[in-house]
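To start, the structure itself, in structure tokens.
These numbers come from a predicted model, not from an experiment. Start at 1 and go down the list; that is how both ligands and their atoms are numbered.
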Amino acid sequence: MNQDVKEIKNNTLFFDGCDTTKLAATYGTPLYVMSYTDIKNRLQELKQDFTDRYPGARIAYASKAFCTEAMYEILKQEGACIDVVSGGELFAAQKVNFPAEYVEFNGNNKTPAEIDQAVEYGVGRIILDGLQEVALIEEACKKYDKKMNIMIRITPGVAASTHDYIVTGKKDSKFGIPLDEEVFMPIVKSVIDSQYLEFVGLHMHIGSQLFENEAFLEALDVLMDWAKKIKDTYGAVIREVNFGGGFGVTYTDEERKPYRFFLDPLMERLKKRADEMEIECPAAVIEPGRSMVAEAGITLYTIGQIKEIKGLRKYISVDGGMGDNIRVALYQAEYTGVLANKAEETPDEVVTVCGKYCESGDIILHDFKVPHSVEMGDLLATYSTGAYGYSMASNYNNNPIPGVVMVKEGKSDWIVKPQTYEQIMQNNRIPEFL
Ligand SMILES: *Cc1c(COP(=O)(O)O)cnc(C)c1O
């Protein structure tokens, strides 16, 4: 089920049946390539490990990892839900007519306009992330004569072991509602008491790129302690628990764990805690982002300038960089890859692969091994770039954002066309007074 869609033959990297050198020749570089088969394998795994296994279980794909119409189309066909965190992601969902009730709206500072947009569309859940949101949602509900399902996001106060920038569950966090009784309980009460809001359950998301389940279980225990307090105080019973996302993937030598490694213990604990409370086991929801798309993506670059700094380092430059992959500069993320047109040659030389952007931190691969025959015009493929690559891309240095090609068993087509210079400049204006 998790067979690798990468294959090396004839000295060349193939990806989901496509010769990457041909992809580069046809579509140009830099180029994001997404494997349909890999995404489909993940969805299949989620079905087996979660949605078919536990009654009422749902997945809500975290759009922010890779937000495109084609991705939404795949999820729509699979009957999955999506999690959106902005008016822009919601707009993309609306554009493909994503079923409104399958959309869940997250975010730590949803603007009044975004809340209006979500309520008008009739999203299935709003994940409440602060006190001031209650009145904003009620106002929109009143305007559209609707009632909204509300999940309340808690900050469970556990420290997941990952990079500090992607920890979200510790107490000092901009995300979620802190679990101080005098802060939390009145917010819960205002939701329960509102004629416009339906209190559905509690939500947590403790961080990203996680490989252990202790922090998940610890956070779930905290969540269920508060569910009990809510029941004892207000008589309200939670019907759903959202565990969030954060399931780790393989970038270099980390070993990706199957979904059930996290989900079986979580479901067992959820059931146990529900039994103790004498309530029906709440339906579970997860929000996988990275784990659904990271390994489904590679990036293709053409190698340009090669600089040897004697006794120090050899820099190999590619025609992309921090504009298409900011994660290296942002959180010291590590990747690996291959010279796609010399894939069977022995990688015997250690180099630094840098981008073309005007920042010294614009590095793609630190201490990467390439065959010593590396030269201008070779094709580099970096692996596991499907998540938080395209979605975090920028126009720094006025470089266009590369396009995305989807591949499926030897077939390929654009799912996002590359940006043009015209498109980068299209909103520029020169005022009269200049
Ligand atoms: C980012 C995020 C996710 C997805 O996290 P991954 O690590 O990509 O799986 C899920 N839920 C929420 C609320 C998030 O902010």
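- Residue contact check: Arg153 has heavy atoms under 4.0 Å from atoms 13 (C) of ligand 1.
- Screening Lys142, Lys146, Lys143 against Asp116 for a salt bridge (Lys or Arg N to Asp or Glu O under 4.0 Å) leaves a single residue, Lys143.
- Between Arg269 and Asp221 there is a salt bridge, with a side-chain nitrogen of the basic residue lying less than 4.0 Å from a carboxylate oxygen of the acidic one.
- Residue contacts with ligand 1, taken as heavy atom pairs separated by less than 4.0 Å, involve His205 solely via side-chain atoms from C-beta onward.
- Heavy atoms of Phe175 come nearer than 4.0 angstrom to ligand 1 in no pair at all.
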Subject >> Worked verdict on Leu23 versus Val33 for side chain to side chain contact (heavy atoms under 4.5 Å, CB included) >> reply: CA-CA 9 Å; Leu23 291 174; Val33 186; 4.0 Å; yes
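- Between Asn106 and ligand 1, no pair of N/O atoms sits closer than 3.5 Å.
- Listed by number with element, the atoms of ligand 1 under 4.0 angstrom from any heavy atom of Ala62 are 3 (C), 4 (C), 10 (C).
- Listed by number with element, the atoms of ligand 1 under 4.0 angstrom from any heavy atom of Ser208 are 6 (P), 7 (O).
- Under a 4.0 Å criterion applied to the non-hydrogen atoms of Tyr388, ligand 1 contributes the atoms 1 (C), 4 (C), 5 (O), 6 (P), 8 (O).
- Atoms of ligand 1 found under 4.0 Å from any heavy atom of Glu287 (numbered from 1 in listed order, with element): 3 (C), 4 (C), 9 (O), 10 (C), 11 (N), 12 (C), 13 (C).
- Under the 4.0 angstrom criterion for non-hydrogen atoms, Gly246 is in contact with ligand 1.
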